[in-house]
Structures are given as structure tokens and as C-alpha cells.
Asker: 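Please read through the structure below; I'll follow up with questions.
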2 protein chains.
Amino acid sequence: MGRAPTKKRHPRDAADQMADECLAVRVRLLNRTLSAVYDEALRPLGVTVGQLNVLVVVAKRGPLSPGDVAKRLHMEKSTVSRNLERMRGHGWVTLSPSRSGRGQVLVIHAKGRKLLERALPLWEKAQEDAEALLGQRGAQSLRRTADSVWSRGGRG
Amino acid sequence: MGRAPTKKRHPRDAADQMADECLAVRVRLLNRTLSAVYDEALRPLGVTVGQLNVLVVVAKRGPLSPGDVAKRLHMEKSTVSRNLERMRGHGWVTLSPSRSGRGQVLVIHAKGRKLLERALPLWEKAQEDAEALLGQRGAQSLRRTADSVWSRGGRG
DNA sequence: GCCTTTAGGTTGTATATACAACCACATGGG
DNA sequence: CCCATGTGGTTGTATATACAACCTAAAGGC
């Protein structure tokens, strides 16, 4: 057994290949890193960047259903359901049964709008930090890429 | 200067600005989307892409401590601790007290190497799908950006 | 008008993640 | 030697996420 057995000739080890190329490990790293930047900035307001993003959708798209939020953000309906549960607890949004047909409607509340206003400067700071971290090009490309995935999946 | 009406009022709503520019909502979207692609592909093996990524680090970097894994992947030590707990349960790695000094050492097991081998083709399929989703340029830029963040943070 | 189908939401379970508090022990000072 | 300190890991708690199972009520078929 002095020498490397024939099997030894993997052009590259599975581990090497995944480490060098895997897109998942990279997007997950960026997710952790950037989410931490925003969450830290927003902490004084007691809101997370994920919740803020949902709030933005509700604010912009007027009365809409939880299912619509899920579609727009490509999230599981159960995830949205539980996020909204917390947000309703804070009084940022209300959920009421739809008058017309089935389903329910979300509406942003005064408290929610207030939060958006107060969050803006903190968000801007985080956004700057994030941009510095990614670099102009990285940031721009991230936006372009995400927006393309978005429209394919039907951001509408 | 020309004319665009004096935007005396909110130049743009807070919600509009965040929706149009926020990097966090975008990286989070990509994370959900890509992780789903890989997790679905890997499901037959009962491993998640996050676990696979940790396993790759252990495989490549030989015996190393949980803390080293955390540093390398920019994860919380507690997160790593619990991920490893599950992976140890599957027998993919072992954790033993370090002979020299303090701390512990992780080693990949035969089962773990086997898993890497079996995962490779499934991972390749997922990687192709992911690349198709992002586009060549998006994928390349994601790799470049993540790798730069990585080295700054000290991937070494 | 009933009954079946199905869409929209919630609940159960599990992983991933992070912050804070804690614990255990190796190390270093005296 | 023994104690003080600091590092590495685990545990407690909370959010984010997803899949599967379930529930309820609207829609449709007949």
C-alpha cells in the first residue's frame, strides 16, 4: 500500500468542487452577512429586516391577502402567516376577513406607517454599509439578478 | 433646471425607496429560492445544503474545531454547534476532545465521505438549475462578490 | 339545494439562524 | 499550587423558514 490506489484520480474531489463553485453556500453567506447588517441597524425599533420587507409590500400594494404577500416575496404561506402574526401583535397591520368572497385582507396601520418613517434612516445606514461590503458592482448585480428572478417567478 | 415639478412632498415614499433598492430583501429572496433548489435535489439523501456545506469544510480542512467552522462560514458558534449535533447523529462526523490543549476536533467519517460522493451528482444538477435561474452573469457575479466578502472576513 | 372539490390559512414538526447567558476547563499569575 | 481569567461550547429563547397535515368555507357540478 505504498502508493495511491488507482481510485485516487478524481480530477477533483467532490468536496473541492463544491467548495470552489457552490452557489448555495455563497448566497447563504451573503444572506447571513447582509441580514445581520440590517437587523443590527433596525434593532432599536424592534423590527427585523424580514418583517420590514413584508410591511413594505403591504404599504405599497394596499389591501392584499396573505397569499398575495407570499407570492410576491416567494415565501411559504405558513411562513407569511407566522410573520404576520408577530406583526399584528405589534399593531403594524390588521388582518380581516374579506368582504368579497373568500380570503382575508391585510391593511397597514398608522403604527405601521410610523414605523416605516422611523425605519428609513436606519435602513439607509444599513444599505450604505451593505453596499460598501458588496461593492458598487456587486450590489448592482445582486439587484439585477434578484429582480430578474423576481419577474420570472411573477413579481408582477 | 428643468422641470420635474418641485418634489416638495416626499421625494419618494419610504416604502417605495426600500422596495426599489433594498439589498436585504433581494439577497433573502435569492437565498430562499436557491436553497430550495438544492434542498429539493438533496432530499433523497436526507441532507440539507447547509449541512452539506459544513461537511465540505470538515472534509477539506481536515481535523478542525467547531469554532474554526464557524469562522470559515461566518456563522454563529451556537448555530454550528446545533448543526453539528444533527450531523453527528447521522454519523457523518465525529467530535472529540482535542488531545492538545483545549477545544474539540471534528473529523469526517466514512459515512460522511460516502455521503459526499453520493451527493455530488445531485448537487451538480441543482447547481445547473441554479445557474440557469441566475444566468451566467448573475452566477459569476454572485461567486465573485461572495468570495470577496469571504476573504475580507477572513476565509483565509 | 346538496355534496364534492379546492383554495386560502393555520397548526404541527423540523431545521437554520442568532443573541445572551451560562458552564467547564486550560492557562497564566502570584 | 491555587485562584482568576478568558476561550470554546452548550443551552435557553426567539425569529425565519419550509413541508405536511389539517380545517374551513367558497365554488361548482348535477
Side-chain angles (χ1 to χ4, degrees), chain A residues 24-25 27-55 64-71 73-90 95-106, chain B residues 24-25 27-55 64-90 92 95-106:
Chain A
V25 71
V27 78
R28 290 167 68 87
L29 167 75
L30 290 183
N31 178 46
R32 284 191 298 270
T33 308
L34 291 198
S35 291
V37 168
Y38 289 80
D39 280 342
E40 192 177 346
L42 294 170
R43 193 157 309 140
L45 295 185
V47 64
T48 66
V49 68
Q51 293 167 355
L52 190 63
N53 289 330
V54 170
L55 193 59
L64 82 177
S65 76
D68 291 336
V69 173
K71 283 190 191 69
L73 294 178
H74 295 197
M75 293 167 78
E76 258 297 303
K77 57 184 181 174
S78 61
T79 303
V80 172
S81 176
R82 283 176 172 120
N83 283 356
L84 287 174
E85 188 177 22
R86 294 182 259 276
M87 295 172 65
R88 281 175 7 178
H90 286 293
L95 185 60
S96 31
S98 162
R99 221 66 79 206
S100 58
R102 110 174 102 216
Q104 308 182 346
V105 271
L106 280 168
Chain B
V25 70
V27 78
R28 289 167 70 87
L29 168 76
L30 290 183
N31 178 46
R32 285 191 297 269
T33 306
L34 291 196
S35 290
V37 168
Y38 288 81
D39 280 341
E40 191 176 346
L42 293 170
R43 192 156 310 139
L45 296 185
V47 64
T48 65
V49 68
Q51 292 167 356
L52 190 63
N53 290 329
V54 170
L55 192 60
L64 81 177
S65 76
D68 291 336
V69 173
K71 283 189 191 69
R72 195 164 288 277
L73 294 178
H74 295 197
M75 294 167 78
E76 257 297 303
K77 57 182 180 173
S78 61
T79 303
V80 172
S81 176
R82 286 178 169 118
N83 283 354
L84 287 175
E85 187 178 20
R86 295 181 258 276
M87 295 172 65
R88 281 171 32 198
H90 287 293
W92 298 331
L95 185 59
S96 30
S98 161
R99 222 69 79 204
S100 58
R102 117 176 92 216
Q104 307 183 347
V105 271
L106 280 166

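In what follows, chains are A, B, ... by sequence order, proteins preceding strands, each numbered from 1.
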Asker: Side chains of residues 27-35 of chain B: which donor-acceptor partners sit under 3.5 Å, not counting sequence neighbours?
Answerer:
from, atom 1, to, atom 2, distance (Å)
B/R28, NH1, A/S35, OG, 3.1
B/N31, OD1, B/S35, OG, 3.2
B/R32, NE, A/H74, O, 3.4
B/R32, NH2, A/L73, O, 2.7
B/T33, OG1, B/L29, O, 2.8
B/S35, OG, A/R28, NH1, 3.1
B/S35, OG, B/N31, O, 3.0

Asker: Just N and O in the side chain of B/R43: are any of them under 4.0 Å from OP1 or OP2 of D/dA18?
Answerer: no

Asker: Taking side chain to side chain contact (heavy atoms under 4.5 Å, CB included) as the definition, give me every residue that meets it alongside A/D68, ordered by chain and number, with sequence neighbours left out.
Answerer: A/L64, A/S65

Asker: Check every strand shown and say whether A/S35 touches a base, only sugar-phosphate, or nothing at a heavy-atom separation below 4.0 Å.
Answerer: nothing

Asker: Nearest whole Å is fine: how far is C/dA18 P from A/E40 CD?
Answerer: 12 Å

Asker: Please work out if B/G50 contacts a base, only the sugar-phosphate, or nothing of the nucleic acid, heavy-atom cut-off 4.0 Å.
Answerer: nothing

Asker: Less than 4.0 angstrom between a side-chain N/O of B/T79 and OP1 or OP2 of C/dA18, yes or no?
Answerer: yes

Asker: Roughly, in whole Å, what's the span from CG in B/N53 to P in C/dT17?
Answerer: 9 Å

Asker: What integer distance in Å separates A/L29:CG from C/dA18:P?
Answerer: 10 Å

Asker: Detail all sub-3.5 Å separations between protein N/O atoms and N/O atoms belonging to nucleotides 10-13 of chain D.
Answerer:
from, atom 1, to, atom 2, distance (Å)
D/dT10, OP2, B/S81, OG, 2.7
D/dG12, N7, B/R82, NH2, 2.8
D/dG12, O6, B/R82, NH1, 2.9
D/dT13, O4, B/R82, NH1, 3.4

Asker: Can you tell me how far C1' of D/dT17 sits from CG of B/L30, to the nearest Å?
Answerer: 16 Å

Asker: Taking only side-chain nitrogens and oxygens of A/N83, does any of them come within less than 4.0 Å of OP1 or OP2 of D/dT17?
Answerer: yes

Asker: Starting from P on C/dA16, measure out to CG on B/L84 and report it in whole angstrom.
Answerer: 11 Å

Asker: Are OP1 or OP2 of D/dA14 and a side-chain N or O of A/R86 less than 4.0 angstrom apart?
Answerer: no

